[in-house]
Each structure stands twice: as structure tokens, then as C-alpha cells.
Amino acid sequence: MFIVIGGGPAGRIGAMRLAQAGAEVQLIEKHKIGGQCLHDRCMTICALNDVARLVEYARTQKNLGILDSVPAVSYPAVKRRMREVQEKLSSVLDAETRRAGVEVIYGAEGRLSGDRAYVDDEEVRADAVLAATGSRAAVPDIPGTSLSGVYTYQTLHAMDDLPRRMVIVGGGVVAAEFAHIFHAFGSEVQIIARHGLLRDLDDKVRSAALRDLAGVGIREQSVVTGIEGGGRVRSVLLAGGEELTADAVLLATGLAPRSESLQGLRKGPGGAVIVDRQMRTSVAGVYAAGDVIGPPYLTPAARREGVVAAENILGHPTVMDYTGIPQAMSLRYDYAFATGGADGGCVTLSAPAPAGPGSFWDVAGGWAGLAQVRVDPETGRLVGAAAGVPGASTLLSYLGYLMKRGITVGEFDDIVEVHPSTDGVYGLARYAADMLRRQKKE
């Protein structure tokens, strides 16, 4: 008998792999299968951003005289319909998981005390345990975060309607994504970033992304010292005494591993369960995967971690490799990027992306996106790529894998890409190959 605690991406996929191998598996899920990705984070952003993009595309075409008006957003209707779809997706995942042979137990809490597993207060015998208890929104230690009208991604569903003024606290991808969404919906949005907004992105990719946030107030190197209000949020206080009026505040200040129920395991300072590359914890027979082990907090990585844990539980030695795993951000365009290893001394080339589906009408405003490649000039290997275009996420999934396999830019000569598309990476890679060939001849 194998016990899996948590029905998010890591736990569910790990449980299915174990069951498909013929093992008896119980998956313990306190709430709903699919985890935060489906119910609170990834799919919520996808749902809201689909609507935001529709509004923005309509606005562009109205400005060009093509459409007569821009549709108004009914936020309560968006919320209601979004929840209906999320519940439907959850039921699909439940059926898929059970078909694989997993016994799913809802409404119970799985916990660990060393190598002893419990379901609620009952100890259960398990040959191995996979802990995939996920993460929660990290709430900063500032006064006023408990006021009505202050939200995280987990509590945003409680917001009844669009605020007139929203302040988003945070400087990462999630802060940018929600800022884009609510600005498109018509709210006045300001981002407060303690350091720089999207500071981990390549400068050109960041600059391209900021175009999609035009109209959003961005305050960098700013510290929130408190949130004011009586029974409900009224304003946000900044260091230096400035006060920003707000009807709603969204805390996009990162994630914290949810590991309180996992006792007796070695953990890092922030509570992340420490594992090796085989997903083994400090306790024999106990494995961990997904957000509970800390960054990168990416759903595809969590799924793979769940598979790696399951393979090792089954006695098939497998290691987790994070090389080439792409990351993405959804604004008006997708912004996606991947690296295939060390890139010291490499050459970076950037160019505008070609117009295509989703960006044709933006050419009238002088912009159709960005393509970027990073190349090792000695070997010609593609070691990094990025794109800021509609559909960039799909493109970078495959490019990340090809980089992991050691593809060179010269090999792009033999690739004929689909057309029409917004992809400029393939053409840029061929340009890089020609450039390297010319340099070798000189």
C-alpha cells in the first residue's frame, strides 16, 4: 500500500503512475482534486486573462474603426462561470485518477510523524509515502492584511465586483498578470514592488512585457508599511508617508510551502521539505514533490517531480532534471523563456516577432512582440530562448526540450515551421547560424 498526501499536480500524477504499475494507492485530498493550480492560481489567471485579452483586442479594433464598441465585463458572471468550469475540470481529473486505479479519499487530512502516516487521527500502514501538500499564499507581516477587501490569489473569489482602485503588492509574475487583468477590466491599478518589477527577466523581455502594462501605475523600490481602513480597506501606506487610496488590495507576495502536517522531516528555513534528486526526504520510505519542496513552484515541474518520486518508490532509479523547463507569464501576449544550461560567454540576439494570429492588428501600433535566442558561439548550441508573442508558451515547451537535447542553431536550417504564426525564434536561430558560419570563415 502506498499513500499519497495531496491531490495537486505532483500528488495526482505520482499516484496515477504508482497505480498504473499495479500498486495499491490511496490519495488523501482534504479539499478538491487538482490543487491550487486548478482552483486558485493557474486556471484562474487563464480564465480571467482570456476575458482581458478579448476586451483589449476589441479596444484595439475599436480604435482602428473596425468595431463600434468595447464590451463591458460582468465580473460576477465571470466568477460564476469560471467556477463552473473549474468544477467540471475537477470532476474530469477525479474520473481520470480513479480510472488509473487510485483510491481517492476526500475530506480527510493526511499527515506524517517521521515514517508513520496518519489519515486524520488513524495511523495507516504504508510501504512508502509521497507527500505533496502544496503551498499557500505568503502574507507579509504588515499591519492591515486582515482587513476586508485585502485578498490573496486564494481568497480573490470573495471579491464581489470590480474595484475602482486596486493596489497590488508584489514584484513578480503573478503581480504583473493580475495587474494586466484588472486594468483591462477597467480598474485603476497600481503595483507596489519592494525591489524591481519582473527584475529576474532579461532586460529586453522585461521591457516588452512592460508594454503590456501600459496604463498600470508601477512603483518600484517601494515598501508598504501598512494597510488602512475601518472595517474595510481604505488605503495603502508607503514608507515615506505616502498614502494610496484603494478599494481592494491584492497581495501577490509569493508562496510558502504547506508542510505543517509533515513532522519529523528535514526542512529548510521557510518550511520547504528537503529532498534529493530522487525526491527522497530525510526519512526512509518518505518522498516529497511539488510546491512543498519549494521553488520553482511550476506545475509541469511538480508533475515531473511526482513521476520521479513514483518511479523511485517502484524501484526504478530516476533523477529530477530541471534543465530546460520553460516558464511563462500571461499578459496581452504570452511571455515564455527557457534555458538549457550554463550560458557564460554566450551571444544573445533579439528581434521583433513577425505578425500573425493574435498580433496582426497590433502592427498598426508599431508592435508585434519579441523573439530572442542565446547561443554558445563555440559550439553553436542553443542555450536559451524567449518569446513575447501569442502562443509563446507552446513554442518554448518544445524549445526547452530541444535545448536539453543539445540542439544547435545550425540544425534549425532543416526545420520548416508552421505558417502563419507569431514565432520569430526559428528565423532568429537560422540568422544566428549564418552569423557563426560567417565568423568562422573570417
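Note that this is a predicted model, so its numbers are computed, not measured.
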Please evaluate residues R374 and M403 with respect to the criterion side-chain contact (heavy atoms from CB on, under 4.5 Å), reporting the C-alpha separation (whole Å), side-chain torsions for both, the decisive distance (0.1 Å), and the verdict.
CA-CA 11 Å; R374 188 169 293 117; M403 285 189 283; over 6 Å; no
When you measure from the side chain of Q86 to the backbone N and O of L38, does any donor-acceptor pair fall under 3.5 Å?
yes
In Å and rounded to the nearest 0.5 Å, what is the CZ to OG distance from F337 to S393?
10.0 Å
Indicate yes or no for a side-chain donor-acceptor contact from D291 to the backbone of P257 under 3.5 Å, with no hydrogens or angles considered.
no
If you measure only the distance, is there a donor-acceptor pair under 3.5 Å linking the side chains of S148 and R232?
yes
Run the salt-bridge test on R437 and D434 with the 4.0 Å N-O cut-off and return the result as yes or no.
yes
Say you draw a straight line from CD of E378 to CG of L436; how long is it, rounded to the nearest 0.5 Å?
9.5 Å
If only atom types and distance count, is the side chain of R83 paired as donor or acceptor with the main-chain N or O of H39 below 3.5 Å?
yes
Sub-4.5 Å side-chain heavy-atom contact between E29 and T97:
no
Looking only at non-hydrogen atoms, find the nearest pair between P357 and S421 and report the distance.
CD-CA, 3.9 Å
I want to check something: taking the side chain as every heavy atom from C-beta on, are D321 and K404 in contact at a cut-off of under 4.5 Å?
yes
List the steps, then state whether side-chain contact (heavy atoms from CB on, under 4.5 Å) holds for Q36 with L255.
CA-CA 11 Å; Q36 295 184 83; L255 301 173; 5.5 Å; no
Does some side-chain heavy atom of Y333 sit less than 4.5 Å from a side-chain heavy atom of W367?
yes
Say you draw a straight line from OG1 of T339 to CG of D202; how long is it, rounded to the nearest 0.5 Å?
12.0 Å
Between S90 and E87, is any side-chain donor less than 3.5 angstrom from a side-chain acceptor?
no
Would you say the side-chain atoms of S222 pair up with the backbone N or O of I192, donor to acceptor, closer than 3.5 Å?
no
Salt bridge (charged side-chain N to carboxylate O under 4.0 Å, His left out) between K32 and D40, intermediate numbers included
CA-CA 11 Å; K32 300 175 182 178; D40 298 313; over 6 Å; no
For R136 and Q154, which I'm curious about, is there any donor-acceptor pair between the side chains at under 3.5 Å?
no
Going by side-chain contact (heavy atoms from CB on, under 4.5 Å), name the residues that satisfy it together with T60, two or more places apart in sequence or in a different chain.
L64, R332, W361, D362
Find the distance between CG (D423) and OG1 (T394) and round it off to the nearest 0.5 Å.
11.0 Å
Examine distances only and state if a side-chain atom of T133 and a backbone atom of R258 form a donor-acceptor pair shorter than 3.5 Å.
yes
Quick one, R99 and E96 - any side-chain contact, counting heavy atoms below 4.5 Å?
yes
Does one side chain, of E305 or Y287, offer a donor that lies under 3.5 Å from an acceptor on the other?
no
Are the side chain of T253 and the backbone of A138 linked by a donor-acceptor contact shorter than 3.5 Å?
yes
So with a 6.0 Å cut-off around OH of Y431, is the heavy-atom count from everything else above 12?
no
If you draw a 6.0 Å radius around CZ in F360, do more than 12 non-hydrogen atoms from other residues or ligands fall strictly inside?
no
Using modelled atom types only, decide if a donor and an acceptor are shared between the side chain of R111 and the backbone of E260 within a distance under 3.5 Å.
no
Checking I227 against T145 for the side-chain contact (heavy atoms from CB on, under 4.5 Å) test, could you report, in this order, the C-alpha distance in whole Å, the side-chain angles of both residues, the deciding distance, and whether it holds?
CA-CA 7 Å; I227 301 172; T145 56; 4.3 Å; yes
So M329 and L201, do their side chains get closer than 4.5 Å, heavy atoms only?
yes
Could you state the interatomic distance from CD1 (I45) to CG (D50), rounded to the nearest 0.5 Å?
12.0 Å
Locate the shortest heavy-atom distance separating A19 from V102; write the atom from each residue and the value.
CB-CG2, 3.6 Å
Below 4.0 angstrom, N of the basic side chain to O of the carboxylate: do R430 and E417 qualify?
yes
Can Y75 and L48 be said to form a side-chain contact (heavy atoms from CB on, under 4.5 Å), step by step?
CA-CA 9 Å; Y75 188 70; L48 297 177; 4.3 Å; yes
Would you please test R53 and E56 for salt bridge (charged side-chain N to carboxylate O under 4.0 Å, His left out) and show each step?
CA-CA 5 Å; R53 287 176 174 174; E56 288 192 314; over 6 Å; no
Are more than 12 heavy atoms, taken from residues, nucleotides or ligands other than R438, located less than 6.0 Å from that residue's CZ atom?
yes
Closest contact, heavy atoms only, E411 versus T408:
OE2-N, 2.8 Å
Return yes if some donor-acceptor pair links the side-chain N/O of S259 with the main-chain N/O of G271 below 3.5 Å, else return no.
yes
Hey, does R17 have a side-chain heavy atom less than 4.5 Å from the side chain of I13?
no
So, does E220 use its side chain to make a donor-acceptor pair with the main chain of L197 at under 3.5 Å?
yes
Exam field: side chain T318 to backbone V308, donor-acceptor pair closer than 3.5 Å:
no
Please work out which of the three classes, parallel, tilted or perpendicular, describes the rings of F182 and F185, given edges at 30° and 60°.
perpendicular
Which residue pairs pass the ring-ring contact (aromatic ring centres under 6.0 Å, His included) test with at least one member in residues 380-419, sequence neighbours excluded?
F412-Y426
Can you find a heavy atom in the side chain of E177 that is under 4.5 Å from one in the side chain of N49?
no
Is there a side-chain contact between V373 and V409 in this structure, where contact means two heavy atoms from C-beta onward sitting under 4.5 Å apart?
no
Rounded distance [0.5 Å steps], OH in Y151 versus CG in L156:
7.5 Å
